[in-house]
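As the structure is a computational prediction, the values presented were derived from the model and not from experiment. Computation of the quantities below employed the complete heavy-atom set of this structure, encompassing side-chain atoms and omitting hydrogens, waters and symmetry-equivalent molecules.
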Amino acid sequence: MDAPPDLFAGYPDVGAQKMDEDYDLTDLQGLLNFLRDANILLIRGQYLKKLLDKGRAWPRRQELEQEALAAGGSSTEFFIDGHTMSKMPVPSDWTKEGGCPFVAISHCWEAREHPDPSRHQLRLIVQQILNLGSPTLPKSWLMRRSLPQDYYFFIDFMSLYQYERSTDEQNRSFQAAMRNMQVIYCHEWTQTWRIESLAPETEAEAASTRLEIWDDAKKKMPVMRLSLMSRLTANRTPYRRRGWCAAELQWSKARSDSEKTQIIDNADVMPKYGREAPMPPNIFEARVAAEELVFTHRGDAKPVLDLQAKIFNKKAQVTEVLFLQDLPQEELKVLAAAIPLYPRLKRLELRHCEFEAGDSRPLLEALFDSSVQELHIEDCENLLPFLETWSRLIEERSSSCGEACRGPASISLRKNNITDSGAQIIIQALRRSSFCMQVRLEENLQEATLKSLRLANAILAIKFQQKDKIDLSQAGLGDSDTKALAEVLKSNSTIAEINLDDNKIGDSGAQALAEVFMVHPSIMRISLNTNEMGLVGAQALARAIELNPSIKSVELSDSQIGDHGRTMKLAHAISAIKFREGVEVDLTCAGLGDSDAQALAEAIKMGSAIESIDLGSNQIGDVGAQGLAEAFKASPSLHTLRLRKNRVGDMGAQSILQAIQDSDSFKQAFLEGNQIQENTMKDLELANQISNIKFMEEVQIANVTINIKTVRVLTLSCMRLDDSHAEVLAEAIKVSSSIEEVDLSSNHIGSVGARTLAEALKVTSSVRKIDLSSNYIGDPGGQALAEAVKASPSLQWIDLTFNKMNDKGVKAVSDAIRDSPSEKKALLKGNVIQEAATKALEVAEVIWQIRFRTAPAAVCLRSMRLEDPDAKALAEAVKMKSSVRKIDLRFNQIGDAGAQALAEAIKIAASIESIDLEYNEIGDVGAQALAEATKSSSSLTWIKLRRNKIGDVGAQALAEVIEARSSITEVDLEGNKIGDLGAQALAEVFKVHPSIRRIKLDRNEFGLAGAEALARAIEMNPSIRSVELSDYHVGNQVLKLAHAISAIKFNEGVEVKLSRASLGDADARALAEAIKMGSAIKRIDLGSNHIGDVGAQALAEAIKMGSAIEWIDLGFNQIGDVGASALAEAAAVSSSLWIMDLGGNRIGDAGAEAFAAVIKMSSSIHRVELGHNEIGDVGAQALARAFHLSSSKFLTLDLRGNNIYDAVAKALEAAASNLPRLKSISCTPTRSMLLEQQREQRLEQQREQRPLGGAAISWAPYKPPWLHISAACTNVRDKGFLTVDLAAMGDNMSCSTHCAPNCISRQPPGHDVLEDPPRKSVGRTYPVADPVDLQLNWQTIAVRHAWRKAAEMGDTGIGRPEEGRPLRAAEPVKANAAEADDAPGRGIDVVKI
């Protein structure tokens, strides 16, 4: 960014402004905060491509926002604003080294009115985007679609509000951005693209190009206008002479990575070394003065210098890693001046810099005096002058400065084409150095030179005691190199391990090392494998080992010790055994025999320090093994004996096995690859494991080593472990105090292994859980484990599912769970387990949970086949807890003993509120005990005892409880054995109980006497709402009646429902008496009973006295005319009665006439149901006349199902059709009326179905057999249908009641038979005229004759078609009616019989 002239740029006076916000220049959140506070737009690279494609120049920010708004879509297609950026969460999966999409453009304003009128800078930016491709954005932003994959540019003309800013917000945003503009250029999460070149001057282009500029010539109405580029006020000052461009460059150089500041002008004119180093403020100030920088404002120079110094110092104070590349020699000098200003700089990387010319001494001196610990120089040419200067400086500093200014401790010079001459300079410098440093020269030198450098680095590290391990394997060291190394080792006291494998060290080198090792205080391990030393060198090393007790191991394998190597190795081992502590002896492949083994055994007996000896791949037999076994047993320190691949047999193996078993310390021996039987090897492996467990607290199972001292969960599932492994684990469990859980599921452990594990579980006090599912334990193993469950103080959970156990093993475990003094849980599914055993195990778990853990508030053990012992155990558990409130024990087998135990628990546990004992086997004794407990318990609110075996004695005891508890509202003793005495005892209590509401005594053994006692209680106690008995109980109707009477007496109901209660006249009289006493009853339902005239008369008297009765239902009783007359008289008297239902009784004409009189004079009666009685025409006529004369406006009369015939029925129908809207008569149509209606309906359907063309023959509806057929043939045209009389079918044809089933008088198929048809008079039978008709039924005869008539008459007779419709030819008549009925396509459109 370069500032335009003041008139158009409107820059604030930066000298008068202060940075009002200290933004973090290393944290991404600091950058986002700045973008938000200054409301800066970042322009998308895609939008810049579109501008170039359309030949457009950059718009001002004001016009850019208007363009985005006019586009209608998302503004992110053009830019992203600071507020949106600040809302995005800082991604954790992104680092600033991974790719930076935020780019600040540093460029020149080429004209006062527009920075890039010729689009030169736009073309360079787009070309750079195409060259680089898309940047790397964090996955979290891409997945949330917060930020599209693109570059985002800060270009001042589009990112900041330009002149003229018309709102306060525009001015605030611009000033906030200018106060902290350095943030966008020096932040670690941005990069800077510089455009230093100016657009080429082309007169033709300048004369023809037009672009929009801001025109405020008219102050009152400034506008955007088109202007020729040639008319713009050009500014051709070079980039390097512009003050603000120089400031932006200095801010950008302050980043820790110079790669983030790059020039994007034409690459052909770019210099080889074109980047710049961070410039100290004093140098920048000098350059500003020397180069006469041009600023937009004259006073801008001083603020720019101050701001550059502030930014440089701020970045330098926090920078720890500085990466610079492409620096020319002059910039290296600038870097040398800048390094002292970085107090925390730890790592400096210089890539592709100009070291080949110039003096490197200033830079090296700065590095030696700085805090830099690591220096990386890579991909540079001709470093030889630099290395020479470095070497001289080391020599000077080594003699004068000492450790105070020693320079970087680590120098990496990879990929610099350093030759051997340069490497030798480095090596010599390291050898002369008085302070420690390490130099790496990978990808530079030949292999030999690199090995020399390794030695030099190692000597320097040993000299300054910087390491405790030195690795010089494969370094090509000879005797001279080894002597030089030995000389340095003399003054070292920190080296503990040295690796000199695969070198060329001979006897003289080994002797030099041996002299050092004899007295070295810290050396412990020496590796000299694969060297060239012989017996002399080996003997010298052996003497060193004998004299230096700190040396623990010396490896000399594959050396050229020669034929005497075996003796040398043995002597070395014997000497080490005698005098060293903790020595590990390796004599593999040493050619040792039995005599050597015996000599070695004698040394072992005398020594007290040897810990391990490896004699693998030798020729030791049983004699040598026996000698070693004695030494193995006698030595207190030797714990590991390896004799793999020897000649040891069973005798020698048994000796070693006995030594391990008899030892009081840890011992283990490995004899694989010998001549030993399999059983002996297994015993030896087991002995190793047991010893390992006892003394080392480790166990190895299936190649898995487990530290039983610290392991808490031992998981060994699905590893094919057998009984031998189980024995090892059992020993581990016995010893370990940390193992809490053991998983041995899905293995091959049998009963033997289960027994050993059971013994271990009895002893251990730590194992809480063991999983033995999916093994082969069986009943013996299950019984052994059951004993362990009883005896183990810690075991809480055991899984024995799928173990091929039968009842014995399962029962043993279940009993152990039940009898254990602590909480236990066992899983036994997948075995041969009966349902009872499974439920017993679940019950035991619940009981022990109540006893030993926090008991639940509700205990549910329903349907668990509990017996008295289980109930007793549960009762004992409940006694100990005060949290149990509800107990559900329904559907079990608890008897009196269990009930007594539970009763004692209720007395003791004051928290029990309810107990459900339904569907058990509790008798009188248990009921008495529970009754006593209920009396004494203050918390028990209900107890359920239905479906038990409680008799009269138990019921009497419970009655006493009910009497004592005035709060009881419900008694449910259904399904017991209570007789009349028990029911009577309960009834006496119910008579006076104040709160009883509901009583259930169904399915007991009391009879009518008990029911009557309960009925008396109901009648006397108004609080009882229901006493439930089954419908078939002998006392059910008594109780129903008692309920009704009670409700009526105490005015507690407005409706009496006693339908289907089997009530007779006596019951009706009792009910009538109660109705007389009550005043609230409104509806009475007595339908479907056995009430006759006597009961009806009693009810009639009650209706006369009842002032509130509105509705009474006496339908389907046995009431006749006498009772109906009484009820009619009561209806006439009552002023409240609206509806009376007497349908389905035996009322005749006399009763109907009585009701006719009532209807005529009463205005309150609204509905009278008299259907399905025995009323005839006389009664119906009387009712019809009364209906017409009734003064009631709301009257419905139902006479359906009576003996009313055509004349009266039609009269009633006519009367009903003329009634007012709210009055109606319901009368069942007679059969003739129904048939007429059916005939009309069929005719109407036939008319609707008649086709438009062709002949149509339709038959009249079926005439029932009780309607006689005329003797003459009458063919009548009726509404377009052909009616054929059946008499025309044959000569003198008639019918008799004794004719055949297919006679013409029979009911035709498809027609419903009406009930009780009137009898047809008996006729006579005559033969038919046509013999063919003898074989046909009557329907076929009818069709046949009809077709014959139609064919004879043609157009003039029956069946004449309509005008213009020809008659279709007749077809032969089918032999049955079914085929004739379904012949619409054969000349007959509709045929109905």
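- Put simply, NZ on Lys504 and OG1 on Thr530 are 13.5 Å apart, with the number rounded to the nearest 0.5 Å.
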For His725 and Asp722, run side-chain contact (heavy atoms from CB on, under 4.5 Å): C-alpha distance rounded to whole Å, both residues' side-chain angles, the deciding distance at 0.1 Å, then the answer.
CA-CA 5 Å; His725 296 102; Asp722 53 17; 2.7 Å; yes
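- By the 4.5 Å heavy-atom criterion applied to side chains, Leu393 and Glu365 are counted as neighbours.
- Minimum heavy-atom separation, Asp379 to Arg351: CB-CG, 4.3 Å.
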Arg361/Glu396 under salt bridge (charged side-chain N to carboxylate O under 4.0 Å, His left out): CA gap, chis, key distance, verdict
CA-CA 12 Å; Arg361 189 176 184 87; Glu396 294 172 6; 2.6 Å; yes
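- Side-chain contact between Asp468 and Ile495 is absent, with no heavy atoms from C-beta onward closer than 4.5 Å.
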Audit row: Asp614, Thr588, side chain to side chain donor-acceptor pair (under 3.5 Å) steps and yes/no
CA-CA 6 Å; Asp614 191 346; Thr588 57; 5.3 Å; no
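- The environment of CD in Gln677 is sparse: at most 12 heavy-atom neighbours from other residues, nucleotides or ligands sit within 6.0 Å.
- Taking 4.0 Å as the cut-off between side-chain N and carboxylate O, Glu672 and Arg644 count as a salt-bridged pair.
- Among all heavy-atom pairs drawn from Ala514 and Ala540, the shortest one is CB-O, 3.4 Å.
- In this structure, Asn688 has no side chain to side chain donor-acceptor pair (under 3.5 Å) partners at least two apart in sequence or on a different chain.
- In summary, Lys682 and Glu685 do not engage in a salt bridge, as defined by a charged side-chain N under 4.0 Å from a carboxylate O.
- Residues Asn674 and Lys645 approach most closely at ND2-N, 3.9 Å, considering heavy atoms.
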Residue pair Ser766, Arg712: steps toward the side chain to side chain donor-acceptor pair (under 3.5 Å) verdict
CA-CA 9 Å; Ser766 62; Arg712 191 179 66 85; over 6 Å; no
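- In this structure the side chain of Ile739 reaches within 4.5 angstrom of the side chain of Val742, judged on heavy atoms.
- The distance from the CG atom of Leu657 to the CG atom of Leu684 is 6.0 Å, given to the nearest 0.5 Å.
- Asn492 CG to Ser522 OG: the interatomic distance, rounded to the nearest 0.5 Å, is 6.0 Å.
- Inter-residue side-chain proximity for Leu500 and Leu513 is flagged as met; some heavy-atom pair is nearer than 4.5 Å.
- Within the 3.5 Å criterion, the main-chain N or O of Val648 finds no donor-acceptor partner in the side chain of Asp622.
- Considering CZ of Arg440 and CD of Glu374, their distance stands at 9.5 Å, rounded to 0.5 Å.
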Test side-chain contact (heavy atoms from CB on, under 4.5 Å) on Thr640 and Phe632; report intermediate values, then the result.
CA-CA 9 Å; Thr640 303; Phe632 194 30; over 6 Å; no
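- Lys483 has no carboxylate O lying under 4.0 Å from a charged side-chain N of Glu515, or vice versa, which leaves the two without a salt bridge.
- Taking all atoms of both residues into account, the shortest heavy-atom contact from Asp481 to Gly476 is OD2-O, 4.0 Å.
- Asp502 places no side-chain N or O within 3.5 Å of a backbone atom of Ser473 that could act as its donor or acceptor partner.
- Between the Thr764 side chain and the Ala760 main chain, no donor and acceptor come within less than 3.5 Å of each other.
- Annotation for Asp664: atom CG does not count as buried by contact number, only 12 or fewer foreign heavy atoms lying within 6.0 Å.
- Between the side chain of Asn503 and the backbone N or O of Asn531, no donor-acceptor pair lies under 3.5 Å.
- Of the possible donor and acceptor atoms, none in the side chain of Ser655 sits under 3.5 Å from a partner among the backbone N and O of Ala629.
- Across all non-hydrogen atoms, the minimal contact from Ala653 to Thr680 is CB-CG2, 3.9 Å.
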Can you check side-chain contact (heavy atoms from CB on, under 4.5 Å) on Ile411 and Ile377, steps first, answer last?
CA-CA 8 Å; Ile411 301 175; Ile377 300 177; 5.8 Å; no
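- With respect to Phe355, the side-chain contact (heavy atoms from CB on, under 4.5 Å) criterion is satisfied by exactly one of Leu387, Leu363, Asn382: Leu363.
- Under a 4.0 Å N-O distance rule, the pair Glu320/Arg344 qualifies as a salt bridge.
- Without hydrogens or angle criteria, Ser391 side chain to Glu388 main chain gives no donor-acceptor distance under 3.5 Å.
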Could you go through the side-chain contact (heavy atoms from CB on, under 4.5 Å) check for Leu671 and Ile656 one step at a time?
CA-CA 10 Å; Leu671 283 82; Ile656 295 173; 3.8 Å; yes
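- Between atom CD1 of residue Ile676 and atom CG of residue Asp683 there is a gap of 11.0 Å, rounded to the nearest 0.5 Å.
- Annotation: side chain of Leu541 is in contact with side chain of Met533 (closest heavy-atom distance under 4.5 Å).
- A 4.5 Å side-chain heavy-atom check between Ile425 and Trp390 finds every atom pair outside the cut-off.
- The existence of a salt bridge linking Lys633 and Glu630 is excluded, since no basic side-chain nitrogen approaches an acidic carboxylate oxygen closer than 4.0 Å.
- Checking side-chain atoms of Asn618 against main-chain N and O of Ala590 turns up a donor-acceptor pair under 3.5 Å.
- For Lys605, the NZ atom sits in a packed shell: over 12 heavy atoms of surrounding residues, nucleotides or ligands are nearer than 6.0 Å.
- With respect to Glu378 and Arg414, a salt bridge is recorded, a charged nitrogen being found less than 4.0 Å from a carboxylate O.
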Begin with the C-alpha distance, continue with both residues' side-chain angles, and end with the deciding distance and a verdict on side chain to side chain donor-acceptor pair (under 3.5 Å) for Ser527 and Asp501.
CA-CA 6 Å; Ser527 181; Asp501 294 343; 2.5 Å; yes
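- Between the NE2 atom in His520 and the OG1 atom in Thr494 there is a gap of 7.0 Å [rounded to 0.5 Å].
- When atom types are taken as modelled, the side chain of Asp662 and the backbone of Ala659 share no donor-acceptor pair closer than 3.5 angstrom.
- In this structure, Cys380 and Leu383 have side chains that are in contact, with non-hydrogen atoms separated by less than 4.5 Å.
- Leu489 is listed as a side-chain neighbour of Ile498, based on a closest heavy-atom distance under 4.5 Å.
- Not a single donor-acceptor pair under 3.5 Å links the side chain of Ser635 to the backbone N or O of Ala631.
- In terms of heavy-atom proximity, Gly652 sits nearest to Ala625 at CA-CB, 3.9 Å.
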